[in-house]
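The structure under discussion appears below in the form of structure tokens.
Start at 1 with the first residue, then count along the sequence. Predicted, not measured: the structure shown is a model, and the values here were computed from it.
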Amino acid sequence: MCRLTLKCLSLNFLLLISLFSSRFGTCDARYSVYWKGNRRSIAEGGSSGTINVLDHGAKGDGTSDDTKAFEDAWQVACKVAASTLLVPSGSTFLVGPVSFLGKECKEKIVFQLEGKIIAPTSASAWGSGLLQWIEFKALQGITIKGKGIIDGRGSVWWNDMMGTKMPRTKPTALRFYGSNGVTVSGITIQNSPQTHLKFDNCISIQVSDFTTSSPGDSPNTDGIHLQNSQDAVIYRSTLACGDDCISIQTGCSNINIHDVDCGPGHGISIGGLGKDNTKACVSNITVRDVTMHETTNGVRIKSWQGGSGSVKQVMFSNIQVSNVANPIIIDQYYCDGGGCHNETSAVAVSNINYINIKGTYTKEPVRFACSDSLPCTGISLSTIELKPATGKASSLDPFCWKAHGELKTKTLPPIQCLKTEKSPEAASRSNNDAC
């Protein structure tokens, strides 16, 4: 009886081991298959809502055209709310012109860029010319984040040394159009053929820890360009380019820029506004805690003659400049390319505040060139200390024309040309600056 009992116990023990091993193997096999199919998603924080472009046919070898794989992956991600489209690290993806449309998309899609995306350098990929390379359109809650790079390989457009005969129209690298709740964080855009990052007709924008990197002589390569967009915050970013580090155009309001490093480039600009007799409206702009080095301009407002509308309620505060040609500029006679002529209409400029702007300049410290018919009003300056850069600066004094405002403290150099009395033309302003 004892042997029978031991035999039964032994059989039961073996059966339990077999059953346990079978269950363990099944779980292990399932995990292996899951890991294989999502090998990079798990490593980079993926989830069941993560769509990896490698799983949709992308090669990531830098030479194969991965455009369709990106489009296919987007179509899948689009159908899942709060999903993530992953561009994994360790791979380089050649992607042609592509538009990611928000039509029928769920909200809060994340485009997680950890690898590198490069633009084609053959003229045939661009047809007769396109305005943008990568576009996100009509989305509700779209985020692009990560440590990856978008490389426009713009040198073939800037100088065509390789004889590629690229189209005359140069594309913006990354554009958002007609979207609400846009976030760009952590990524780098380099060597864009034209503007690096553009927001057009967008609301609620946040840009942080963003980098642009292009040579100072690369033409028209704005770092960040905003137009017809409201409620934007741009901060903790490093912008090196061949044009304006940040360009604010018509239709923009409630823009807050802080903790930005700019240079090389053309500084931070509002405008040019009013080109071809158009109406321009810009208001509630704050630029603070910014450093600029080796730029052609510092903080600038520029408008074309013949325009209408207004720029108002602007504050430039805590700006540190180093070897900047023209640190403070208002130019209502802006003319890019010649062929301009005098006109009486102008974009009105008012309530512009300059606070704590310090550093060195190489050309002209302050220039207020305002309209004869519609002078600048409400300019205020406080704690301005601008010194000529050693061995580089000219001896030009601050320049003012039809500029009215207030010196709240002594300035260096003294800005004696600012008119402190009210402008007699101010009464006609309301007819011209209605926005």
Side-chain angles (χ1 to χ4, degrees), residues 38 40-41 44-53 55-56 69-88 93 95 97-115 117 131-150 172-189 195-212 223-237 246 248-249 251-258 284:
N38 298 272
R40 303 194 187 208
S41 300
E44 296 175 13
S47 66
S48 58
T50 296
I51 293 87
N52 191 326
V53 294
D55 296 331
H56 291 268
F70 273 64
E71 291 173 334
D72 291 346
W74 175 259
Q75 289 302 317
V76 175
C78 222
K79 297 173 183 177
V80 182
S83 64
T84 296
L85 190 154
L86 175 65
V87 181
F93 301 90
V95 177
V98 60
S99 184
F100 299 110
L101 302 179
K103 186 179 180 181
E104 299 180 359
C105 264
K106 302 292 185 180
E107 294 186 1
K108 298 182 179 179
I109 307 297
V110 175
F111 189 102
Q112 186 170 340
L113 176 60
E114 303 296 344
I117 299 174
L131 294 175
Q132 50 268 332
W133 168 28
I134 300 171
E135 180 183 44
F136 290 85
K137 188 174 183 180
L139 286 154
Q140 296 294 318
I142 174 68
T143 295
I144 294 187
K145 67 177 183 177
K147 299 179 181 179
I149 296 172
I150 296 174
T172 289
L174 177 60
R175 181 197 188 216
F176 293 89
Y177 177 79
S179 296
N180 190 342
V182 182
T183 299
V184 177
S185 178
I187 69 169
T188 295
I189 303 179
T195 299
H196 290 76
L197 175 61
K198 179 182 287 188
F199 299 95
D200 189 355
N201 198 30
C202 293
I203 300 173
S204 187
I205 300 161
Q206 180 170 300
V207 179
S208 64
D209 302 296
F210 172 67
T211 301
T212 64
I224 301 174
H225 179 101
L226 302 106
Q227 62 188 52
N228 297 313
S229 294
Q230 299 85 43
D231 305 325
V233 180
I234 300 169
Y235 64 100
R236 217 166 48 223
S237 295
I246 300 176
I248 301 168
Q249 299 294 327
C252 289
S253 62
N254 301 327
I255 310 296
N256 190 341
I257 298 163
H258 65 90
N284 296 325

Could you state the interatomic distance from CD1 (I205) to SG (C252), rounded to the nearest 0.5 Å? 7.5 Å
CG-CD1 distance between L113 and I150, expressed to the nearest 0.5 angstrom: 5.5 Å
Residue that, paired with D231, satisfies side-chain contact (heavy atoms from CB on, under 4.5 Å) out of I255, N254, N256: N254
Find out whether I257 and Y235 are in side-chain contact, i.e. whether some heavy atom of one side chain is under 4.5 Å from a heavy atom of the other. no
Quick one: does S83's side chain have a donor or acceptor within less than 3.5 Å of a partner on A77's backbone? yes
Exercise: identify the closest heavy-atom pair between W133 and A173: CB-O, 3.7 Å
Walk me through it: do I234 and F199 pass the test side-chain contact (heavy atoms from CB on, under 4.5 Å)? CA-CA 12 Å; I234 300 169; F199 299 95; 5.8 Å; no
Over all heavy atoms of both residues, which pair between G178 and C202 is shortest? Give the atoms and the distance, please. N-SG, 3.9 Å
Could you check if a side-chain atom of F210 sits within less than 4.5 angstrom of a side-chain atom of I224, using non-hydrogen atoms only? yes
Quiz: residues 137-149 side-chain donor-acceptor pairs under 3.5 angstrom, not counting sequence neighbours:
none

Minimum heavy-atom separation for S229 and N201, please, with both atom names. OG-N, 3.3 Å
Any donor and acceptor pair, going by atom type alone, linking the side chain of Q230 with main-chain N or O of G251 inside 3.5 Å? yes
Taking atom CG of L174 and atom CD1 of I134, what is their separation to the nearest 0.5 Å? 6.0 Å
Tell me the closest heavy-atom pair linking I109 and V80, and the distance in Å. CD1-O, 3.5 Å
Which heavy atom of L101 sits nearest a heavy atom of C78, and at what distance? O-SG, 4.0 Å
Side-chain contact, heavy-atom cut-off 4.5 Å: V110 with T183? no
Is any side-chain heavy atom of P88 closer than 4.5 Å to one of V53? yes
If we check side-chain contact (heavy atoms from CB on, under 4.5 Å) with S99, which of these qualifies: E71, Q132, E135? E135
Stepwise, does the side-chain contact (heavy atoms from CB on, under 4.5 Å) test hold for V184 with F176? CA-CA 10 Å; V184 177; F176 293 89; 3.7 Å; yes
Distance col, row I246:CD1 vs L197:CG, nearest 0.5 angstrom, shows 10.0 Å
W74 side chain near C105 side chain, heavy-atom distance below 4.5 Å: yes
Looking only at heavy atoms, the pair that brings G223 and H196 closest together is O-CB, 3.3 Å
In Å, rounded to the nearest 0.5 Å, how long is the span from CG of D55 to CG of D72? 12.5 Å
Whether F111 and F70 hold their rings parallel, tilted or perpendicular, with breakpoints at 30° and 60°: tilted
All pairs passing salt bridge (Lys or Arg N to Asp or Glu O under 4.0 Å) where residues 197-212 contributes a residue, at least two apart: R175-D200, D209-R236
Which value, rounded to the nearest 0.5 Å, describes the distance between T212 atom OG1 and I189 atom CD1? 8.0 Å
